[in-house]
Amino acid sequence: MLSICLLVFGIGTFAFLTLRREQMQLINSARESSELLLNTIERSLYNSMRIGNTEDVKVILEMVGQSENLVGVRIFHPHGVILKSSNPNEVGRVVDERDYKLFLDNKREGVFNLDGHGEVLGMVKPIYNDRQCNLCHGSKSRIIGLLNVNYSLTETRNRIVELTKLFVMSTVAIIGFLSLAISLVMLKFVKKPLTQLAKNMARVEAGDLSVRMTPEGKDEIGRLIVSFDSMVDRLDRAKKELENFHFQQMERADRLASVGEMAAGIAHEIKNPLTGIAAAITVLKDDFAPEDGRIQIIGEVLEQISRLDKTVNDLLFFGKPTVAEPTCTDINSALKKILVFASQHRGGKDIEKRLELAENLPTVYVDPKQIQQVFLNLFLNAVQAMQGGGTLTVKSGLAKVEGVDMVQVRVTDTGQGIPPQILEKIFTPFFTTKAQGTGLGLAISHRLIEQHGGRLSVVSQDGMGTTFTVELPAYCPGQPGYSGPDAPPPTVCQ
């Protein structure tokens with residue numbers, strides 16, 4: 001539609017300008033004819049008047065006045081009285097005021113309507129008193145008369161009307177033909193393919209990836225159709241790969257669920273006997289003298305029983321985590337206490353510990369026991385990563401994450417770091433690089449932080465150390481707060 005409107009505007013403008021130019025040419029042609037006739041009459045009259053033959057002047061005017069395009073030819077006095085005329089009845093009368101006004105306004109021509117003759121072109125040319133005219137007219141007056149010609153524009157206007165009709169009909173015919181041709185071309189080669197393409201895209205959006213189209217040309221629409229087919233092919237392949245991957249993941253998840261249920265059942269069955277075994281061995285240990293060498297063996301047994309008990313507890317917690325009991329917690333105080341516990345680890349004595357805690361941090365609404373479990377696990381992992389000594393840095397602060405205030409804790413060690421190929425797997429359950437690890441510590445920590453509306457992330461450079469970052473929602477005045485289902489109103493922690 002826009003193309004047709006532009007076409008109509010362009011052709012219409014061109015036709016209008018062309019018509020105006022033709023009309024002006026016709027008017028100019030009439031003006032040139034009148035001026036040529038006026039000059040011819042002037043020369044003829046001059047020759048007759050020079051020899052004083054006024055009768056020839058009358059004959060010339062009457063003869064010229066017989067032309068069908070001339071309404072009248074006359075000579076009038078500067079005072080407005082007609083002296084000679086092609087119409088003898090005009091002689092002695094006052095010339096038409098519009099012709100006389102041309103002389104008074106010092107104009108040579110003008111267009112006006114004359115009664116009984118329609119639109120005419122009036123031209124006035126002064127007859128000057130030359131030396132040869134002084135014999136008859138004296139030398140007092142500079143202008144002895146004015147030659148006046150009224151040229152009828154009726155024929156010219158008729159030709160203009162005919163030309164206008166011809167241009168209008170031609171323009172309408174051209175616009176109609178081109179509009180029809182453009183509409184057919186646009187309908188066949190643009191609208192129809194695009195409509196079909198839109199329908200096929202709707203089918204693709206509905207999930208039908210078997211849609212294909214055949215391009216009918218190598219123009220932009222054809223290339224668009226080729227791109228559409230290529231896109232659908234890639235989507236189809238991606239969908240099949242995703243379905244295959246999803247099926248594999250579902251199978252793996254089903255196997256893991258079965259293994260988890262079985263592990264939780266086995267762990268539950270093992271936990272009680274382990275407790276009894278630990279109690280019995282502790283009783284036996286008390287029966288030996290301190291210097292007895294078997295005390296050391298019993299101690300190793302108790303240590304292994306403790307490790308097995310921790311593994312069983314991790315399995316039970318991962319399979320069925322306990323319900324959180326959140327309360328308003330000062331994160332700085334909690335970090336200080338947890339770091340004291342971590343310092344008791346046998347490898348923690350050679351580790352330098354740095355606390356960089358920001359003051360006046362808002363409280364967080366968390367379960368203190370679960371948060372203690374998270375940070376104790378992070379601290380112990382950091383200590384174990386620096387077996388040859390190093391620095392453990394715990395830094396707290398307030399950060400703005402997506403417009404929400406978050407209490408941020410960074411746990412940084414100076415150990416060997418985590419290789420990139422392992423870094424993306426450390427939060428996966430049962431994945432571990434430790435000989436005696438269960439692979440559940442970080443997975444449980446990650447789950448606990450997410451349950452509290454926070455986020456646990458890690459950054460590490462191989463050989464340069466590792467930084468774990470814990471972010472928990474802060475309760476501040478005006479802060480929306482934790483958006484979890486069990487969160488209290490913000491006023492609880494203010």
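Residue numbers start at 1 and run along the sequence shown.
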> Does any non-hydrogen side-chain atom of L392 lie less than 4.5 Å from one of V411?
Replying inline: yes
> Is K240 salt-bridged to D236, going by a charged N under 4.0 Å from an acidic O?
Replying inline: yes
> Got more than 12 heavy atoms from elsewhere within 6.0 Å of CE, M201?
Replying inline: no
> Taking all atoms of both residues into account, what is the closest heavy-atom pair of A474 and V407, and its distance?
Replying inline: CB-CG2, 3.6 Å
> Can you tell me if K337 uses its side chain to pair, donor with acceptor, with the backbone of L335 under 3.5 Å?
Replying inline: no
> Of all heavy-atom pairs between R455 and I449, which one has the smallest distance, and what is that distance?
Replying inline: N-CG2, 3.2 Å
>> side chain to side chain contact (heavy atoms under 4.5 Å, CB included), that's the test. Do T414 and M386 meet it? Break it down for me.
In response: CA-CA 7 Å; T414 57; M386 299 182 290; 3.3 Å; yes
> Around E243, counting heavy atoms of other residues, nucleotides and ligands shown, do more than 12 lie under 6.0 Å from its CD?
Replying inline: yes
> With a 4.5 Å heavy-atom cut-off, do M213 and L197 have their side chains touching?
Replying inline: yes
> Is any side-chain heavy atom of F375 closer than 4.5 Å to a side-chain heavy atom of I331?
Replying inline: yes
> Just wondering, are more than 12 heavy atoms of other shown residues or ligands nearer than 6.0 Å to CD in Q461?
Replying inline: no
>> Taking the side chain as everything from C-beta on, heavy atoms only, tell me whether Q373 gets closer than 4.5 Å to L448.
In response: yes
> Should the heavy atoms of other residues, nucleotides or ligands under 6.0 Å from CD of Q25 be counted, would the total exceed 12?
Replying inline: yes
> Could you walk me through whether E352 and R354 pass the salt bridge (charged side-chain N to carboxylate O under 4.0 Å, His left out) check?
Replying inline: CA-CA 7 Å; E352 180 185 356; R354 295 180 182 175; 3.2 Å; yes
> Crowded around Q416 CD? As in, over 12 foreign heavy atoms under 6.0 Å?
Replying inline: no
>> Side chains of L442 and N377, heavy atoms from C-beta outward: is any pair under 4.5 Å?
In response: yes
>> Using every non-hydrogen atom in the two residues, find where V366 and P368 come nearest and quote the distance to one decimal.
In response: O-CD, 3.3 Å
> With no hydrogens and no angle check, is any side-chain donor or acceptor of S230 less than 3.5 Å from a backbone partner on V226?
Replying inline: no
>> For F112, is the CZ atom crowded, meaning more than 12 foreign heavy atoms sit under 6.0 Å from it?
In response: yes
>> Test your reading of the model: is there a side-chain donor-acceptor pair from T18 to the backbone of F16, 3.5 Å cut-off?
In response: no
>> Taking G465's backbone N and O only, do any of them form a donor-acceptor pair with S460's side chain (distance below 3.5 Å, no angle check)?
In response: yes
> At what distance, to the nearest 0.5 angstrom, does CD of Q249 lie from CG of N244?
Replying inline: 10.5 Å
> Does any N or O in the side chain of R203 come within less than 3.5 Å of the main-chain N or O of S210, such that one atom is a donor and the other an acceptor?
Replying inline: no
>> Whether the side chain of D413 engages the backbone of T466 through a donor-acceptor N/O pair (distance < 3.5 Å, no angle test) should be reported.
In response: yes
> Which pair of heavy atoms, one from L398 and one from P362, lies closest together, and at what distance?
Replying inline: CD1-CG, 3.9 Å
> How long is the gap from CD1 on I225 to OG1 on T214, to the nearest 0.5 Å?
Replying inline: 8.5 Å
> Heavy atoms, side chains only, cut-off 4.5 Å: are I338 and F379 in contact?
Replying inline: yes
> Roughly how far, to the nearest 0.5 Å, is CG of N200 from CD of E205?
Replying inline: 13.0 Å
> Taking the side chain as C-beta and beyond, is there a heavy-atom pair between N113 and V120 under 4.5 Å?
Replying inline: no
> Looking only at heavy atoms, which two atoms of H452 and D367 are closest? And how far apart?
Replying inline: NE2-N, 3.1 Å
>> So which atom in G453 and which in P473 form the shortest heavy-atom distance, rounded to 0.1 Å?
In response: O-CG, 3.4 Å
> Measuring from R237:CZ to L209:CG, what's the distance to the nearest 0.5 Å?
Replying inline: 11.5 Å
> Are S396 and N332 close enough that a side-chain donor and a side-chain acceptor fall under 3.5 Å?
Replying inline: yes
> Would V232 and R212 satisfy side chain to side chain contact (heavy atoms under 4.5 Å, CB included), going step by step from the backbone distance to the final call?
Replying inline: CA-CA 8 Å; V232 175; R212 297 295 183 274; 3.0 Å; yes
>> Looking at D208 and V204, would you say the former's side chain and the latter's main chain have a donor-acceptor pair under 3.5 Å?
In response: no
> Step by step, would you call T412 with T393 a side chain to side chain donor-acceptor pair (under 3.5 Å)?
Replying inline: CA-CA 5 Å; T412 304; T393 304; 5.8 Å; no
>> Please report the interatomic distance NE2(H246) to NZ(K239), rounded to the nearest 0.5 Å.
In response: 12.5 Å
> Can you tell if the side chain of T156 reaches within under 4.5 Å of the side chain of I27, non-hydrogen atoms only?
Replying inline: yes
>> If you apply the rule side chain to side chain contact (heavy atoms under 4.5 Å, CB included), what do you find for L355 with L339, and how did you get there?
In response: CA-CA 9 Å; L355 279 175; L339 190 58; 3.8 Å; yes
>> I need the T329 OG1 to L472 CG distance, nearest 0.5 Å.
In response: 9.5 Å
>> Between R157 and E119, does any NZ, NE, NH1 or NH2 come within less than 4.0 Å of an OD or OE carboxylate oxygen?
In response: yes
> Would you find more than 12 non-hydrogen atoms of other residues, nucleotides or ligands less than 6.0 Å from R410 atom CZ?
Replying inline: no
> When you look at CG of N106, are more than 12 heavy atoms from neighbouring residues, nucleotides or ligands closer to it than 6.0 Å?
Replying inline: no
> Step by step, would you call F167 with E22 a side chain to side chain contact (heavy atoms under 4.5 Å, CB included)?
Replying inline: CA-CA 10 Å; F167 264 91; E22 293 296 329; 4.2 Å; yes
